[in-house]
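Worth saying up front: this structure is predicted, and the values here are computed from it rather than measured. Convention: sequence-line order gives letters A, B, ...; per-chain numbering from 1.
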Number of protein chains: 2
Amino acid sequence: MGVVESNPSTGGFLEELDRAERREQLQAVSENFRDKLRIRHLIYHWVSADGEQYGCGTYDPAWVQRYIDKGYLRIDPVIQGCYQHFHPVDWKQLDWSSRAARAFHRDAMAHGLGNQGYSVPLRGPNGQFALFTVNHACDDDTWDDFTSQNRGDLILLAHYFNQKALELEPGRQPEPAQPLSPREIEAMTLLAVGNSRAQVAEALSISEHTLRVYIESARFKLGAMNTTHAVARALSRGLIVV
Amino acid sequence: MGVVESNPSTGGFLEELDRAERREQLQAVSENFRDKLRIRHLIYHWVSADGEQYGCGTYDPAWVQRYIDKGYLRIDPVIQGCYQHFHPVDWKQLDWSSRAARAFHRDAMAHGLGNQGYSVPLRGPNGQFALFTVNHACDDDTWDDFTSQNRGDLILLAHYFNQKALELEPGRQPEPAQPLSPREIEAMTLLAVGNSRAQVAEALSISEHTLRVYIESARFKLGAMNTTHAVARALSRGLIVV
DNA sequence: TTCCCCCTCCCCGGAACTGGCGAGGGCCGG
DNA sequence: CCGGCCCTCGCCAGTTCCGGGGAGGGGGAA
């Protein structure tokens with residue numbers, strides 16, 4: 001419990017101080033677990049392109065900065081791989097064949113990462129997506145033993161970190177996920193799968209003008225600049241599914 | 001491993017048979033765990049509005065059918081509550097104040113559910129959302145003891161069920177995602193966050209015509225009908241991150 | 001009951017997007 | 001070394017989308 005738990009919405013000085021303190025605690029926890037598990041690295045971080053980054057772990061800060069600066073988020077095969085899976089992913093299973101991926105891999109090795117990795121995908125409300133990763137340098141068999149023996153603990157550890165992080169960064173979305181109306185959801189979904197406005201209107205058996213009202217309404221609720229933006233937000237917040 | 005593991009893409013008779021068999025196994029597993037935990041019910045089910053329902057557990061089939069028929073999916077406070085949380089939710093914490101919710105609660109009690117419940121939200125790729133729930137009839141203190149002692153196991157159990165269910169219903173296997181070029185990724189990302197073509201072109205310091213080539217190329221690679229469709233596909237395949 | 005949201009329909013002008021045509025240089029793997 | 005992919009730029013015409021109005025009926029919540 002924080003010292004200013006009573007009023008989480010002020011965003012004031014004390015709260016910021018408290019948050020910084022709790023961040024440091026979480027950082028210490030990650031180092032602690034790394035040592036207990038006897039691995040080289042242990043990391044938790046959100047996956048999101050916009051500024052609101054958050055992460056903690058034992059990576060070299062220089063590597064973290066480099067990762068951000070060079071936009072490795074868009075190249076890292078771990079991200080893409082985990083995005084398509086529910087269960088944890090061993091880095092060996094991923095596709096490292098592309099040129100950019102190999103260059104990224106070399107760079108990561110050069111910054112102190114081990115050759116073995118195991119990442120747990122985490123998904124939260126509003127389309128939040130995060131990764132919990134353990135990293136080490138060893139041969140394949142040793143690593144496979146480690147991951148299969150600690151799989152359950154790693155999942156629970158991932159949950160622990162994600163929960164702490166969510167508590168730390170409470171209102172990541174200024175708009176508290178205003179729900180879309182059924183019609184709006186239908187409209188956005190049909191747009192997301194490639195229909196034009198005219199097609200959507202026909203599919204919903206409404207006039208194109210009415211459809212436009214839905215799109216505009218959804219765009220407003222989602223704080224989106226245009227239709228593409230609105231569909232992207234609806235998708236990434238889990239409001240629609242394709 | 002199933003009897004027709006060798007060819008998962010046929011969708012043929014044998015595979016269907018195998019799947020039915022594995023479903024029954026999972027059903028048996030849920031009854032087994034219910035007895036081990038000494039609780040009244042244990043249930044896993046997807047939450048999705050469209051027809052593709054799936055679930056297994058120990059509820060009375062009559063209650064399940066009633067739940068579907070009466071559209072309780074839309075008023076069940078458990079659904080609403082879990083949608084907004086990452087961590088497991090005790091039913092006591094939920095908002096049962098609306099009239100519809102109270103009627104639902106009475107109906108559930110009448111169909112053999114206990115007064116206590118604890119639900120673990122589960123999120124998978126492509127916006128999949130599922131719940132793993134344990135239910136029992138006892139007083140609050142007993143239930144709180146139970147949940148706090150078994151929290152970790154329940155989370156892992158939830159993961160187990162979700163993973164089995166995902167294996168059972170492979171759904172639409174994402175087509176081998178043809179990779180986008182770095183420039184295409186940048187373009188799609190900037191479009192996804194609300195920039196117009198002109199803005200994207202300026203941000204990338206290229207002419208708008210060049211940008212159009214990227215968009216068209218990405219659209220082609222993704223098999224998309226238009227820009228919105230392309231952005232949606234890139235998002236749901238994890239090729240870009242917003 | 002009253003208010004608010006949801007659903008439905010309509011006009012218009014300007015801005016943005018789409019499709020099809022063309023061009024050239026650079027870098028990599030076979 | 002050649003083919004293929006990536007990056008860059010250009011024009012034109014047609015289609016679609018956007019933003020700003022207005023208007024009415026129905027249903028659920030306070």
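- Rounded to whole Å, atom C1' of D/dC11 lies 17 Å from atom CG of B/L211.
- With sequence neighbours excluded, the residues satisfying salt bridge (charged side-chain N to carboxylate O under 4.0 Å, His left out) with A/E216 are A/R212.
- A salt bridge links A/E184 with A/K221: at least one charged nitrogen is closer than 4.0 Å to a carboxylate oxygen.
- Two rings, from A/H111 and A/Y59, have their centers 6.0 Å or more apart.
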Criterion side-chain contact (heavy atoms from CB on, under 4.5 Å) on B/S119 and B/W91, from CA distance to verdict: CA-CA 7 Å; B/S119 292; B/W91 288 7; 2.9 Å; yes
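- Here B/D90 pairs with B/K92 under the salt bridge (charged side-chain N to carboxylate O under 4.0 Å, His left out) rule; sequence neighbours left out.
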Contact pattern, 5' to 3', of nucleotides 4-21 of chain C - B, S or - by protein heavy atom under 4.0 Å: --SSBBB-B----BBBB-
Extract all donor-acceptor atom pairs below 3.5 Å that involve side chains of residues 223-230 of chain B and protein atoms in other chains or at least two apart in sequence.
{"residue": "B/N226", "atom": "OD1", "partner": "B/T228", "partner atom": "N", "Å": "3.3"}
{"residue": "B/N226", "atom": "OD1", "partner": "B/H229", "partner atom": "N", "Å": "2.8"}
{"residue": "B/N226", "atom": "ND2", "partner": "A/G194", "partner atom": "O", "Å": "3.4"}
{"residue": "B/T228", "atom": "OG1", "partner": "A/T228", "partner atom": "OG1", "Å": "2.9"}
{"residue": "B/H229", "atom": "ND1", "partner": "B/M225", "partner atom": "N", "Å": "3.0"}
{"residue": "B/H229", "atom": "NE2", "partner": "A/V193", "partner atom": "O", "Å": "3.3"}
{"residue": "B/H229", "atom": "NE2", "partner": "B/R233", "partner atom": "NE", "Å": "3.3"}

Reading 5' to 3' through nucleotides 23-30 of chain D, protein heavy-atom contacts under 4.0 Å coded B for base, S for sugar-phosphate only, - for none: --------
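- In this pair, B/F86 and A/H159 present their aromatic rings tilted. The plane angle is within the 30 to 60° band.
- Residues passing the side-chain contact (heavy atoms from CB on, under 4.5 Å) test with A/D76 are A/Y67, A/V78, A/I79, A/F104, sequence neighbours excluded.
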